[in-house]
Structure formats: C-alpha cells, structure tokens
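Heavy atoms only: backbone and side chains are in, while hydrogens, waters and symmetry mates are out. Model, not experiment: these values are computed from the prediction. In this chain, residues are counted from 1 in sequence order.
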Amino acid sequence: MTANLSETLTLLLVEDDDGDAFLVEELLEQAVAPPKIFRARSLQEAKSKLTSTIQCVLVDLSLPDASRLEALEEVLALAPHAAVLVLTGLRDAHVGVAAVQAGAQDYLVKQDIDARLLARAIRYAMERKRADLAQLRLVEAELIAGQNARMQRDLLPIALLHTDEIEHTTRYLPGSGGTLAGDFLDTVQTPDGAVHVVVGDVCGHGPDEAALGVAMRIAWRTLVLAGQTGDTLLRTLDALLRAERKAPEIFTTLCMATITPDLRYARMRVVGHPPPVLVRDGAVEVVDGAPSGPPLGIFPDAEWSVLDVPLGDKWSMMLYTDGLIEAAVGERNELLGVEGLVGLVREHGAVDLDRLIRHVGTLSDDLAVVLVSRRRA
C-alpha cells in the first residue's frame with residue numbers, strides 16, 4: 001500500500017547500520033511525496049546536518065559515539081524545531097517508551113515497520129510537534145501578557161493624594177503596534193501639601209524599556225517622598241538611567257511639576273519633553289520656555305532651568321507624552337502637533353481626555369497623560 005505522506009519533508013536519518021538505513025529509505029520512497037533524506041552515521045556527523053531546514057529526525061539509539069538516550073538528548077537540544085522519532089530494536093522497546101517521556105514524539109521498532117506504518121508515524125509525529133510548539137507559544141504568550149500586565153500596573157501607580165481640592169485623571173494607551181513601552185506617570189502629595197506630578201518617556205519599545213520606565217518612576221516617587229524635587233532628583237535619575245539602560249543611545253524625556261501647597265503656582269522642569277497644556281480662567285496655552293533642558297542620558301553635565309508658572313484660582317494642567325501630539329489626524333493624516341493639541345482643547349472648551357483621545361484616533365506611539373485641575377470651591 002502506498003505510504004500516505006502528502007507533503008515533501010526534509011528528514012535526517014541518524015543510523016550507523018547501512019542495512020537499516022537502506023530499509024528506511026526504501027520504505028519512504030513509496031510515499032506519495034517522498035521526503036528529502038539526509039543521512040548521518042554518527043551523532044557527531046548529525047550535529048553538522050541538524051540545520052533549521054530539517055523538519056523531522058529519525059534517530060537510532062545505538063550509535064558508535066552515543067548510546068541509548070544520550071543521542072536523543074543531543075538531537076532534541078540541537079533541533080528543538082523538528083519532530084523526532086526514535087528507532088529501536090525489539091530488545092529496546094522499553095527504551096523507546098523512555099525516549100517518548102524524554103521528549104521524542106514517537107518510537108519505532110525496526111523489525112515491525114513497513115511503508116504505511118513509517119509514513120503514518122512520521123505524519124503523526126509532525127502533527128504532535130506542531131501541537132507542542134503551538135502550546136509552547138501559547139504558554140509563552142500568556143507569560144509575556146502577565147509580565148506586561150504587571151509592568152503596566154507598575155507604570156500606572158495609584159496617586160498619593162490627600163486633598164479634595166485637586167481633581168486627578170490619567171490615561172495610558174498603547175500605540176498601534178500594541179507593544180509595551182517605557183511611558184510612565186506618577187502623582188505624589190508630600191506632607192507640606194505640595195503636589196508633585198511627573199510624566200516620562202523612555203525611548204524605544206519592549207520589555208527592557210518598560211522595565212526601565214518602572215525603575216525611573218519608582219525612583220522619582222522615592223526621591224520626592226525623601227524631599228528631593230529639584231536638580232538633585234534629575235541628576236539621580238540621570239545616573240540611574242545610565243546604570244540600568246541596555247544601550248548607550250537610550251534616553252528619557254520627562255516633565256515634572258511641583259504645585260505649591262496653596263495650589264496657585266507651579267515650578268516645572270521640562271526635560272526634553274513636550275510642553276504642558278494649561279487652561280487658566282478659560283484661556284488655553286502651553287507653558288512658555290519649554291523644554292527647559294535636554295533629555296536625561298545624553299549630556300553628563302546637563303542643566304535644567306526652572307519654569308515658574310502662576311496658576312491662579314481656576315486652572316487645569318495636562319502633562320502628556322509625545323504619543324498624543326504624534327498621532328495622525330484628518331483626511332491627510334497629518335501629525336497633530338502641539339498647536340493642533342491646543343486647538344482641540346480650545347475647540348472643546350476644556351480638557352476632556354476621553355473626547356480628546358477619540359478625536360485623535362489611532363495612536364502611532366504609546367500615550368501617557370495626567371490631567372490635574374483645581375476643583376471649584
């Protein structure tokens with residue numbers, strides 16, 4: 001009966017016995033689509049032929065340079081992508097069972113195989129390997145999703161506020177690629193009543209950048225709670241960034257503001273970052289003088305000037321990452337930009353984050369935004 005192998009496979013036969021190898025090759029020639037067979041007479045020879053093109057491996061457990069499960073373990077380590085079937089003799093059938101337990105997809109007793117059995121065993125082994133790899137990818141995806149969720153929770157902390165006079169709103173959205181990035185935000189009120197806000201952006205995307213963003217946020221909160229809010233804080237963050245980053249080109253932009261206890265003034269440092277948007281007594285504008293210094297991680301002797309901003313009695317202040325102003329809007333898909341953002345806020349009459357994000361549409365980069373407003377008396 002014709003063997004039922006309907007797709008042409010690339011197969012490696014690891015067998016030192018010429019007679020057994022000839023038998024296997026003859027049986028596979030009867031398949032509908034005979035596989036392309038490479039032969040290795042030893043484990044050492046097999047190592048040089050176990051390339052990514054090999055889809056299935058038939059390996060004898062009695063080789064001149066390996067015995068029993070040693071050969072299988074080497075093959076599994078060298079070809080994790082390939083389906084592996086073990087060839088055994090009648091006396092070694094129990095070893096075949098152990099081989100399956102060790103990671104092989106199946107085992108064949110040499111004396112029992114025919115064309116139909118061999119083709120079916122290979123086909124089933126391929127399907128089991130595909131299922132194993134799919135399950136592995138699923139498990140890995142679930143682990144990554146869990147890690148990403150934990151990182152996002154660390155990037156988005158609960159604000160430490162103990163005043164009812166401040167209304168505090170945040171949004172954090174991934175860009176169109178959905179890849180985890182290093183945008184971070186935080187808000188802390190210190191015992192003197194001052195409110196400290198930060199929004200930052202570690203350049204790049206991926207788990208390393210996200211982990212660095214978490215480290216930067218936690219360090220910022222720790223320093224603020226320890227009473228450091230000025231240049232000492234920025235230099236410490238700069239040193240942390242240089243020590244923890246994976247590549248020297250990684251930098252971080254951020255905007256941080258300290259709102260005085262009477263909630264009428266803010267001292268800001270805009271570190272290579274887009275300027276905050278202010279709404280004061282109905283007037284919409286951005287903070288003048290931004291940025292007030294370069295990003296962290298670029299110049300070892302960088303300095304950052306302080307921007308003193310009067311807020312008044314009725315105000316809102318929005319700090320955001322560049323994912324918001326780099327969004328494409330309109331029929332021509334032009335970048336929103338800072339001026340476009342100010343125009344939208346003026347059009348809406350106030351900073352409504354959800355309405356603003358809906359208007360912007362699809363984000364090309366991650367977005368982190370904090371809106372703090374003084375509540376009406």
Side-chain angles (χ1 to χ4, degrees), residues 1-140:
M1 181 176 292
T2 302
N4 185 18
L5 278 180
S6 57
E7 58 177 309
T8 301
L9 303 175
T10 302
L11 185 147
L12 177 63
L13 174 61
V14 188
E15 173 61 75
D16 64 320
D17 187 284
D18 291 337
D20 289 343
F22 177 78
L23 173 62
V24 171
E25 291 168 350
E26 284 291 302
L27 293 176
L28 290 176
E29 281 296 322
Q30 301 177 41
V32 173
K36 183 178 181 180
I37 302 174
F38 293 90
R39 166 90 184 279
R41 291 175 171 80
S42 66
L43 180 60
Q44 188 62 36
E45 186 180 350
K47 290 180 179 180
S48 64
K49 296 182 178 182
L50 276 172
T51 65
S52 58
T53 61
I54 299 297
Q55 298 168 277
C56 183
V57 182
L58 295 175
V59 56
D60 184 16
L61 291 184
S62 298
L63 298 173
D65 56 349
S67 60
R68 292 188 176 269
L69 297 183
E70 180 184 354
L72 172 64
E73 292 170 353
E74 289 281 354
V75 168
L76 291 173
L78 292 169
H81 60 282
V84 179
L85 288 90
V86 165
L87 298 173
T88 70
L90 284 173
R91 298 176 182 176
D92 298 325
H94 65 286
V95 180
V97 175
V100 172
Q101 295 173 342
Q105 273 63 57
D106 205 346
Y107 73 95
L108 297 167
V109 178
K110 296 180 182 179
Q111 291 85 347
D112 293 342
I113 59 174
D114 56 26
R116 183 180 181 183
L117 174 63
L118 180 58
R120 184 176 62 187
I122 292 174
R123 188 173 71 253
Y124 288 176
M126 292 289 296
E127 292 302 322
R128 280 193 288 272
K129 185 62 179 181
R130 290 190 184 108
D132 290 344
L133 291 175
Q135 179 64 27
L136 180 61
R137 286 192 293 269
L138 178 61
V139 171
E140 290 176 344

**Asked** Given Arg116, which of Leu118, Ile113, Asp114 fulfils the side-chain contact (heavy atoms from CB on, under 4.5 Å) condition?
**Response** Asp114
**Item:** From Leu117 atom CG to Leu27 atom CG, the distance as rounded to the nearest 0.5 Å
**Value:** 9.5 Å
**Asked** What do the steps show when you test Val75 against Lys47 for side chain to side chain contact (heavy atoms under 4.5 Å, CB included), and what is the final call?
**Response** CA-CA 8 Å; Val75 168; Lys47 290 180 179 180; over 6 Å; no
**Message:** Please find the pair of heavy atoms, one from Leu50 and one from Ala79, that lie closest to each other, and give the distance.
**Reply:** CD2-CB, 3.9 Å
**Asked** Taking Gln105 for the side chain and Leu85 for the main chain, is one N or O donor matched with an acceptor at less than 3.5 Å?
**Response** no
**Rounded distance (nearest 0.5 Å) linking atom CZ of Phe38 with atom CG of Leu12** = 8.5 Å
**Request:** Taking the side chain as every heavy atom from C-beta outward, state whether Arg128 and Arg123 have any pair of such atoms under 4.5 Å apart.
**Result:** no
**Request:** Check whether any side-chain N or O of Asp17 sits under 3.5 Å from a backbone N or O of Asp20 as a donor-acceptor pair, and report yes or no.
**Result:** yes
**Request:** Can you see which heavy atom on Ala71 is nearest to which on Val59, and at what distance?
**Result:** CB-CG2, 4.3 Å
**Asked** Charged N to carboxylate O below 4.0 Å: is that the case for Glu45 and Lys49?
**Response** yes
**Request:** Give a yes or no answer on whether the side chain of Gln55 reaches the backbone of Thr10 with a donor-acceptor pair at less than 3.5 Å.
**Result:** yes
**Request:** Please report the C-alpha distance between Glu25 and Glu15 in whole Å, then the side-chain angles of each, then the deciding distance to 0.1 Å, and finally whether the side chain to side chain contact (heavy atoms under 4.5 Å, CB included) criterion is met.
**Result:** CA-CA 11 Å; Glu25 291 168 350; Glu15 173 61 75; over 6 Å; no
**Message:** Using the rule side-chain contact (heavy atoms from CB on, under 4.5 Å), only one of Leu28, Ile54, Val57 pairs with Leu11; which is it?
**Reply:** Leu28
**Item:** Working for side chain to side chain contact (heavy atoms under 4.5 Å, CB included), residues Ser42 and Leu63
**Value:** CA-CA 6 Å; Ser42 66; Leu63 298 173; 5.7 Å; no
**Prompt:** Does any N or O in the side chain of His81 come within less than 3.5 Å of the main-chain N or O of Thr51, such that one atom is a donor and the other an acceptor?
**Reply:** yes
**Prompt:** For the residue pair Ile122 and Cys56, what are the closest heavy atoms and their distance?
**Reply:** CG2-SG, 4.1 Å
**Asked** Which residue pairs pass the salt bridge (charged side-chain N to carboxylate O under 4.0 Å, His left out) test when at least one of the two sits in residues 26-40, sequence neighbours left out?
**Response** Asp18-Arg39
**Request:** Decide yes or no for Tyr107 and Val100: does some side-chain heavy atom of the first lie under 4.5 Å from some side-chain heavy atom of the second?
**Result:** yes
**Prompt:** In Å and rounded to the nearest 0.5 Å, what is the CG to CG distance from Leu87 to Leu13?
**Reply:** 6.5 Å
**Stepwise side chain to side chain contact (heavy atoms under 4.5 Å, CB included) check, Leu72 with Val84** = CA-CA 8 Å; Leu72 172 64; Val84 179; 3.7 Å; yes
**Prompt:** Excluding sequence neighbours, so at least two apart, what forms side chain to side chain donor-acceptor pair (under 3.5 Å) with Asp65?
**Reply:** none
**Request:** Kindly indicate whether the side chain of Leu43, heavy atoms from C-beta on, has any atom under 4.5 Å from the side chain of Val14.
**Result:** no
